[in-house]
Amino acid sequence: MAVFKNEYNKLIRLQGTEILWIEAWGKGLRVRACRQAAMPLEDWALLEKNITGTVKIDIADNEALIINEDITAKINKEGWISFYNEKGDLLLEEYYRNRNNLERYCVPLGIGARELKPVTGRSDYRLTARFEAKEDEHIWGMGQYQDGLLDKKGASLELAHRNSQASIPFYVSSRGYGFLWNNPAVGRAVFAQNITEWYAECTDKMDYWITAGSSPKEIIRRFTDVTGKAPLMPEYGLGFWQSKLRYRTQEELLNVAHEHKRRGLPMDVIVVDFFHWPLQGDWKFDPENFPDPDGMVRELKEMGIELMVSIWPTVDHRSENFWQMAERGLLLGFDRGCNVNMTWMGDTVFYDATHPDAQKYVWRKVKENYFDKGIKIFWLDEAEPEGIYDFDIYRYHLGPAQKVTGIYPNLYAKGFYDGIKEEGIENPVNLVRCGWAGVQRYGALLWSGDVYSNFRSFREQIAAGLSIAMSGVPWWTSDIGGFIGGVPSEPDFQELLIRWFQFGCFSPVFRMHGERFPMNPTDAGYKGGIKQFGSGQDNEVWSYGENNFLIMKKYILMRERLRPYIRGLMKAAHKKGDPVIRPMTYEFPDDKNCVKLSDQYMFGPDLLCAPVVQLHAWERDVYLPAGAKWTCCNTGTQYEGGQTVISAASLDVIPLFARDGAEFPIIESTTPP
């Protein structure tokens with residue numbers, strides 16, 4: 001017979017070998033279960049409980065409930081859990097198909113809702129958690145997948161990171177709740193028609209958090225209350241960032257910055273990309289190509305430009321830091337095979353960002369060789385980490401990769417965040433290629449990875465960015481034009497670049513980057529017997545012809561005029577957790593036509609953006625939600641909401657609509673502000 005207990009606002013159920021905890025956590029409930037002697041206590045994505053209301057626990061004969069704020073969890077005598085809002089509406093319920101569960105289904109399947117199966121001969125478990133699927137449900141969030149889906153209902157999602165895939169296992173449901181799978185293990189989430197199922201390959205416990213909310217906005221705010229808010233975006237995050245693969249020398253980079261300014265164009269950040277170092281894991285400038293980094297940084301600052309440098313977590317076996325890190329256990333471990341993660345440009349192994357001493361070691365090197373020279377923005381690449389995605393091979397300080405690998409990018413970002421904060425910078429921001437739940441609290445600006453340069457990929461990035469927004473991360477960007485495959489001389493690519501550039505202007509961070517074919521083979525030589533990586537074609541706004549330059553100039557200046565509005569959006573992200581870009585349903589949850597719109601979105605609360613996502617398209621349909629009046633920012637034409645309009649979109653135009661009389665400086669002269 002089950003035993004219920006009430007201990008310190010925690011509802012505990014003991015049955016056989018299972019320990020089940022349900023407790024108030026923020027404005028939600030945290031649910032944990034294990035089959036060990038004691039509950040493992042890692043909090044993973046969650047911060048302190050910070051309970052603000054009154055928690056109520058009632059225990060009856062073999063039944064119990066717990067209420068926190070406006071969410072209630074009930075456990076029946078079979079151990080089956082269901083969740084309700086303050087109105088008594090059912091939000092979510094466990095899936096239970098057991099002969100003994102006579103209250104619900106008398107079936108002999110023997111399928112339980114919580115299945116912790118021990119792995120024979122080991123101390124860990126394989127976990128499956130099952131919930132009833134609801135036909136009318138829509139699912140938003142879950143991080144970034146290259147599938148073009150904003151609504152994840154019907155999707156099967158790998159819970160693991162890859163280049164261009166960031167697994168953030170939190171979603172907002174159209175049924176009025178938010179759900180965090182608080183487990184960094186490799187696994188899978190399935191939102192099928194007949195069942196919702198979560199699976200972890202290697203874990204100690206089941207752990208999830210759930211909250212109720214009257215709108216997606218309220219749910220996101222409650223989620224960031226328990227996982228952390230982003231810092232306040234610095235002023236240099238509001239403008240234009242220039243990057244390419246890659247500026248090989250100090251002289252090349254400075255020439256680009258001077259030319260940008262000579263043309264009267266604002267620039268906030270310019271980037272030194274990868275392989276500016278002697279060897280991977282040295283974390284310093286190659287003196288041959290960057291002879292005076294102090295002078296370079298000083299010269300850029302005089303122009304009002306911040307320098308961002310690329311950091312890789314890879315350590316070459318020949319690096320000056322390799323053996324010291326290896327001897328101190330600061331590198332990724334291997335359960336089998338040789339200690340090489342990647343063989344690209346040298347035999348390398350990743351440093352173990354889950355090890356606090358490894359975080360401190362790397363930061364000390366970065367501080368000495370970059371930060372002390374005036375560089376305060378870092379591009380934390382390869383954050384998944386990349387390499388071979390055979391998770392059963394690797395072992396971290398925190399445990400086997402199968403069990404903890406989801407947390408790697410967060411702790412990679414944390415090491416830099418902590419170091420920068422210790423140096424007195426209140427609001428760090430670093431560009432990170434991946435992230436897990438709660439990564440926003442470490443000043444992480446996510447981007448969508450090495451995506452392809454075509455219109456299909458472009459469309460997918462819009463859904464990816466909106467999914468990141470619904471995962472609690474307000475800072476996101478993409479490589480304008482895509483990273484792989486763009487040929488600057490091809491007219492179709494130039495058109496793609498312009499359309500992507502317009503989207504970039506109305507993204508949280510406006511950033512130019514890309515590989516640009518054909519590569520320059522004359523750039524690459526040999527160093528230490530290893531062929532070095534060259535660079536792509538020019539990727540500056542004047543590199544694509546005068547007509548395209550004038551269009552891109554228009555949007556750079558438009559972004560400058562929008563600074564006051566964007567600054568307000570960044571403050572809201574910092575204080576409340578509101579995303580900068582938002583699915584239409586975020587602002588209009590009662591308009592059913594907004595549910596699956598994945599190629600138009602809200603840039604903050606008042607500006608509707610509808611990028612052109614087809615080649616040779618000079619107009620597009622735009623849905624204007626009901627409950628508001630809309631003004632076309634390009635023509636001044638006014639519309640009542642609740643209808644679809646055809647918006648003209650010549651190459652220099654992105655359809656933009658202002659909500660309820662809001663005014664934006666879209667049509668202005670091209671004189672810099």
Side-chain angles (χ1 to χ4, degrees), residues 85 87 89 91 134 136-142 148-153 170-178 211-224 459 462-474 476 503 506-508 565-566 568-569 572-573 576-611 613 620-633 637-647 654-664 666:
N85 64 18
K87 299 177 183 178
D89 300 328
L91 301 175
K134 303 299 181 182
D136 62 343
E137 189 168 26
H138 302 282
I139 302 290
W140 304 293
M142 290 300 294
L149 299 176
L150 178 58
D151 184 354
K152 300 301 184 184
K153 179 66 174 179
F170 170 76
Y171 70 84
V172 175
S173 167
S174 60
R175 293 176 62 84
Y177 70 91
T211 190
S214 60
S215 67
K217 184 177 297 184
E218 184 175 37
I219 292 167
I220 290 290
R221 289 177 177 179
R222 291 184 172 191
F223 174 65
T224 55
R459 291 191 294 274
I462 298 172
L466 295 175
S467 295
I468 286 287
M470 294 296 272
S471 304
V473 182
W476 178 88
F503 170 59
F506 296 95
S507 294
Y565 180 67
I566 299 170
L569 300 183
K576 300 178 181 179
D578 294 336
V580 178
I581 57 174
R582 309 163 183 190
M584 301 302 300
T585 196
Y586 188 88
E587 289 294 333
F588 301 94
D590 297 328
D591 188 331
K592 302 304 181 185
N593 293 313
C594 291
V595 166
K596 291 194 174 184
L597 291 174
S598 60
D599 64 353
Q600 65 177 72
Y601 61 95
M602 297 298 295
F603 187 61
D606 297 321
L607 187 58
L608 189 160
C609 303
V613 293
R620 64 153 292 172
D621 291 349
V622 181
Y623 178 72
L624 305 176
K629 294 183 179 180
W630 299 92
T631 302
C632 176
C633 296
T637 306
Q638 296 183 344
Y639 300 91
E640 290 291 332
Q643 63 173 315
T644 298
V645 300
I646 299 175
S647 182
I654 177 175
L656 300 168
F657 293 83
R659 176 182 181 177
D660 291 332
E663 295 185 1
F664 294 95
I666 302 300

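All residue numbers refer to positions in the sequence shown, counting from 1. The structure displayed is predicted, hence computed values, not measured ones.
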Discussion item. So which atom in Phe588 and which in Ala628 form the shortest heavy-atom distance, rounded to 0.1 Å?
Written reply: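 Where Phe588 meets Ala628 most closely, the heavy atoms are CE2-CB, 4.2 Å.
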
Fill in: Worked verdict on Phe603 versus Leu569 for side-chain contact (heavy atoms from CB on, under 4.5 Å)
CA-CA 9 Å; Phe603 187 61; Leu569 300 183; 4.3 Å; yes

Item to complete: With side-chain contact (heavy atoms from CB on, under 4.5 Å) as the test, would you mind laying out the steps for Phe664 and Leu656 before giving the verdict?
Response: CA-CA 10 Å; Phe664 294 95; Leu656 300 168; over 6 Å; no

Contacts of [X] that satisfy side-chain hydrogen bond (donor to acceptor under 3.5 Å, both in side chains) - sequence neighbours left out:
{"X": "Tyr623", "result": "Asp591, Asn593"}
{"X": "Trp476", "result": "Gln144"}
{"X": "Ser507", "result": "none"}
{"X": "Asp136", "result": "Arg175"}

Of all residues at least two apart in sequence or in a different chain, which pass the side-chain contact (heavy atoms from CB on, under 4.5 Å) check with [X]?
{"X": "Lys153", "result": "Ala133, Ile139, Asp151"}
{"X": "Gln643", "result": "Tyr639, Glu640, Val645"}
{"X": "Glu587", "result": "Lys217, Arg582, Met602, Pro605, Arg659"}
{"X": "Lys592", "result": "none"}

Would you give the length of the straight line joining atom [atom1] of [X] to atom [atom2] of [Y], rounded to the nearest 0.5 angstrom?
{"X": "Ile220", "Y": "Ser471", "atom1": "CD1", "atom2": "OG", "result": "7.0 Å"}
{"X": "Ile219", "Y": "Trp140", "atom1": "CD1", "atom2": "CH2", "result": "8.5 Å"}
{"X": "Cys633", "Y": "Leu607", "atom1": "SG", "atom2": "CG", "result": "5.5 Å"}
{"X": "Cys594", "Y": "Leu150", "atom1": "SG", "atom2": "CG", "result": "11.0 Å"}

Worksheet item: When you measure from the side chain of Thr631 to the backbone N and O of Gln638, does any donor-acceptor pair fall under 3.5 Å?
Response: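 No; judged by distance alone, with no hydrogens or angles, the pair does not exist.
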
Worksheet item: Would you say Asp660's side chain and Lys629's backbone share a donor-acceptor pair under 3.5 angstrom?
Response: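 Side chain of Asp660 to backbone of Lys629: a pair is present.
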
Worksheet entry | Partners meeting ring pair (Phe, Tyr, Trp, His ring centres under 6.0 Å) with Tyr171 (sequence neighbours left out) |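 Testing Tyr171 for ring pair (Phe, Tyr, Trp, His ring centres under 6.0 Å), a comparison that skips the adjacent residues, returns Tyr177, Phe179, Phe191.
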
Worksheet item: Going by the side chain to side chain donor-acceptor pair (under 3.5 Å) test, which pairs reach into residues 596-606, not counting sequence neighbours?
Response: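 Output for this query lists Asp599-Arg620.
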
Discussion item. Walk me through whether Ile581 and Leu466 qualify under side-chain contact (heavy atoms from CB on, under 4.5 Å).
Written reply: CA-CA 7 Å; Ile581 57 174; Leu466 295 175; 4.2 Å; yes

Practice prompt. Give the C-alpha distance, both sets of side-chain angles, the deciding distance and a yes or no for side-chain contact (heavy atoms from CB on, under 4.5 Å) between Leu608 and Phe506.
Written response: CA-CA 10 Å; Leu608 189 160; Phe506 296 95; over 6 Å; no

